[in-house]
Protein chains: 2
Amino acid sequence: MVTKGNVFDPNCPTRVILDRIGDKWTVLAVLLLRDGPLRFTELRDGIGRVAPKVLTQTLRRMERDGLITREVFAEIPPRVVYTLTPLGTSLIAPISVLSDWAENHLPAITTAQTRYDAAV
Amino acid sequence: MVTKGNVFDPNCPTRVILDRIGDKWTVLAVLLLRDGPLRFTELRDGIGRVAPKVLTQTLRRMERDGLITREVFAEIPPRVVYTLTPLGTSLIAPISVLSDWAENHLPAITTAQTRYDAAV
DNA sequence: CGGGATCCCTGGCGATACTG
DNA sequence: CAGTATCGCCAGGGATCCCG
């Protein structure tokens with residue numbers, strides 16, 4: 001099954017997801033929101049070094065993709081809460097698989113890199 | 001399990017893998033090599049529109065990471081064969097999970113995008 | 001507080017030409 | 001054939017300031 005072979009089409013769904021997964025902050029945001037809704041600043045602090053512009057871009061795109069919802073409270077000071085949708089939540093599983101693979105094979109990768117570098 | 005929480009460290013294994021997965025050609029190369037070793041040109045043609053410089057970069061990095069092996073035959077004309085290592089092969093499963101997720105949820109994403117765009 | 005506006009800059013990627 | 005060499009674009013990301 002895997003891919004229907006259309007992965008090589010830039011418009012292939014897999015490619016689209018890969019683009020999202022590949023960008024720097026989407027995965028982090030999903031993981032942070034995993035334990036419940038968060039405010040802008042909480043996401044910002046949780047992620048670390050992110051320019052607000054960039055975080056906004058990421059969150060907007062995630063909202064557009066239906067991964068999160070954005071709730072604005074007309075208060076002073078303003079409050080905005082981001083929540084993972086069921087769709088967004090369902091992304092955690094695939095990410096976990098990837099994460100597990102990474103952790104399990106990191107030693108092998110490191111070893112390979114070291115050997116490769118030494119051979120040069 | 002999922003992540004040990006260190007995903008937020010840029011040096012985290014998951015981040016490293018995400019970088020690889022996120023780049024444009026690594027996943028495609030893995031998928032192509034899935035059915036057996038291939039030559040440079042075969043990979044090039046299989047992927048589509050790739051500058052040779054970029055493909056070389058990708059393959060070198062994959063070789064360094066231990067995902068593929070590179071065999072050079074001292075012939076004329078030269079022949080170079082790329083083969084998936086067991087490590088590289090083991091990456092197919094996680095990719096498949098991602099791919100499956102993408103295909104299963106594409107309609108939901110598309111719908112979300114359409115609705116979002118309409119709301120603007 | 002949650003961003004929008006603005007400026008900048010790096011590097012990933014592309015195209016083309018050339019060589020062992 | 002399998003790259004290397006060179007040049008160049010531009011989008012993603014960063015930093016800073018400001019505003020409702």
Side-chain angles (χ1 to χ4, degrees), chain A residues 7-11 15-29 32-33 37-65 68-83 116 119-120, chain B residues 7-11 15-29 32-33 37-65 68-83 116 119-120:
Chain A
V7 199
F8 303 97
D9 173 2
N11 297 332
R15 297 307 307 273
V16 175
I17 298 308
L18 252 29
D19 284 347
R20 298 298 183 276
I21 297 294
D23 80 28
K24 235 172 170 181
W25 311 123
T26 301
V27 172
L28 283 307
L32 279 173
L33 290 172
L38 290 177
R39 304 178 57 170
F40 187 85
T41 311
E42 293 171 328
L43 281 167
R44 191 193 197 311
D45 295 344
I47 289 181
R49 201 167 237 66
V50 195
K53 185 193 74 175
V54 178
L55 183 54
T56 300
Q57 285 176 348
T58 303
L59 294 173
R60 285 298 198 290
R61 185 166 44 191
M62 291 175 69
E63 188 193 0
R64 179 170 185 267
D65 289 345
I68 59 175
T69 58
R70 178 172 178 272
E71 275 180 300
V72 183
F73 295 88
E75 305 171 357
I76 298 204
R79 187 162 56 101
V80 178
V81 173
Y82 295 92
T83 310
Y116 182 92
V120 185
Chain B
V7 200
F8 303 97
D9 172 3
N11 296 332
R15 296 307 305 275
V16 175
I17 299 309
L18 252 29
D19 283 348
R20 298 297 184 278
I21 299 294
D23 79 30
K24 232 172 170 179
W25 311 123
T26 300
V27 171
L28 284 306
L32 279 173
L33 290 172
L38 291 177
R39 305 179 56 171
F40 187 86
T41 311
E42 294 171 327
L43 282 167
R44 191 192 196 316
D45 295 346
I47 288 180
R49 199 166 240 65
V50 195
K53 185 193 71 175
V54 177
L55 183 55
T56 300
Q57 286 175 348
T58 302
L59 294 173
R60 284 303 196 293
R61 184 167 44 190
M62 292 175 68
E63 188 193 2
R64 179 169 185 268
D65 289 345
I68 59 175
T69 59
R70 177 172 178 271
E71 274 181 300
V72 183
F73 296 87
E75 305 172 352
I76 297 201
R79 186 162 56 101
V80 177
V81 173
Y82 294 92
T83 311
Y116 183 92
V120 183

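We name chains A, B, ... by the order of the sequence lines, and we start the count at 1 in each one.
- Rounded to whole angstrom, the span from the CZ atom of Arg70(A) across to the C1' atom of dG3(C) amounts to 8 Å.
- Taking for each of Arg39(B) and Val50(A) the nucleotide of DNA chain D with the nearest heavy atom, the 5'-most of the two is the partner of Arg39(B).
- Leu55(A) has its CG atom 11 Å from the P atom of dG4(C), to the nearest Å.
- Looking at heavy-atom distances under 4.0 Å, Arg44(A) makes no contact with the nucleic acid at all.
- Here the range on DNA chain D touched by chain B, meaning any atom under 4.0 Å from one of its heavy atoms, is dC1(D) to dC7(D).
- Nearest heavy atoms, Tyr82(B) versus Arg39(B): CD1-C, 4.5 Å.
- The side-chain hydrogen bond (donor to acceptor under 3.5 Å, both in side chains) with Arg61(B) is formed by just one residue from the set Asp23(B), Thr26(B), Thr56(B); it is Asp23(B).
- Proximity of Arg60(A) to the phosphate of dG4(C): a side-chain N or O atom is located under 4.0 Å from OP1 or OP2.
- Protein atom CG of Asp23(B) is 17 Å distant from nucleotide atom C1' of dT10(C), rounded to whole Å.
- Following rounding to the nearest Å, Gln57(B) (CD) and dC13(C) (C1') show an atom-to-atom distance of 8 Å.
- If you find the closest nucleotide of DNA chain D to Pro78(A) and to Arg79(B), the one lying nearer the 5' end belongs to Arg79(B).
- Residue-level contact check: Phe73(B) touches neither bases nor backbone, having no heavy atom under 4.0 Å from any strand.
- Following rounding to the nearest Å, Lys24(A) (NZ) and dG12(C) (P) show an atom-to-atom distance of 10 Å.
- Taking every side-chain heavy atom of Val54(B) into account, dG14(C) is the closest of dG3(C), dG14(C), dG20(C).
- Closest approach to the Lys53(A) side chain among dG14(C), dC7(C), dC1(C) is made by dC7(C) (side chain taken as heavy atoms from C-beta onward).
- Closest approach of Ile21(B) to Val27(B), counting heavy atoms only: O-CG2, 3.8 Å.
- Rounded to an integer number of Å, the gap from Asp19(B) CG to dG12(C) P is 9 Å.
- In this structure, the side chains of Trp25(B) and Leu43(B) stay at 4.5 Å or more apart for every pair of heavy atoms.
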Derivation of the side-chain contact (heavy atoms from CB on, under 4.5 Å) call for Met62(A) and Arg20(A): CA-CA 9 Å; Met62(A) 291 175 69; Arg20(A) 298 298 183 276; over 6 Å; no
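- Across the protein-nucleic acid pair, Asp45(A) atom CG and dG3(C) atom P stand 14 Å apart, rounded to whole Å.
- Between the side chain of Arg70(B) and the backbone N or O of Val80(B), no donor-acceptor pair lies under 3.5 Å.
- Of all heavy-atom pairs spanning Leu32(B) and Leu38(B), the tightest one is O-CD1, 3.7 Å.
- Each of Pro77(A) and Thr56(A) lies near DNA chain C, and the nucleotide nearest Pro77(A) is the one positioned closer to the 5' end.
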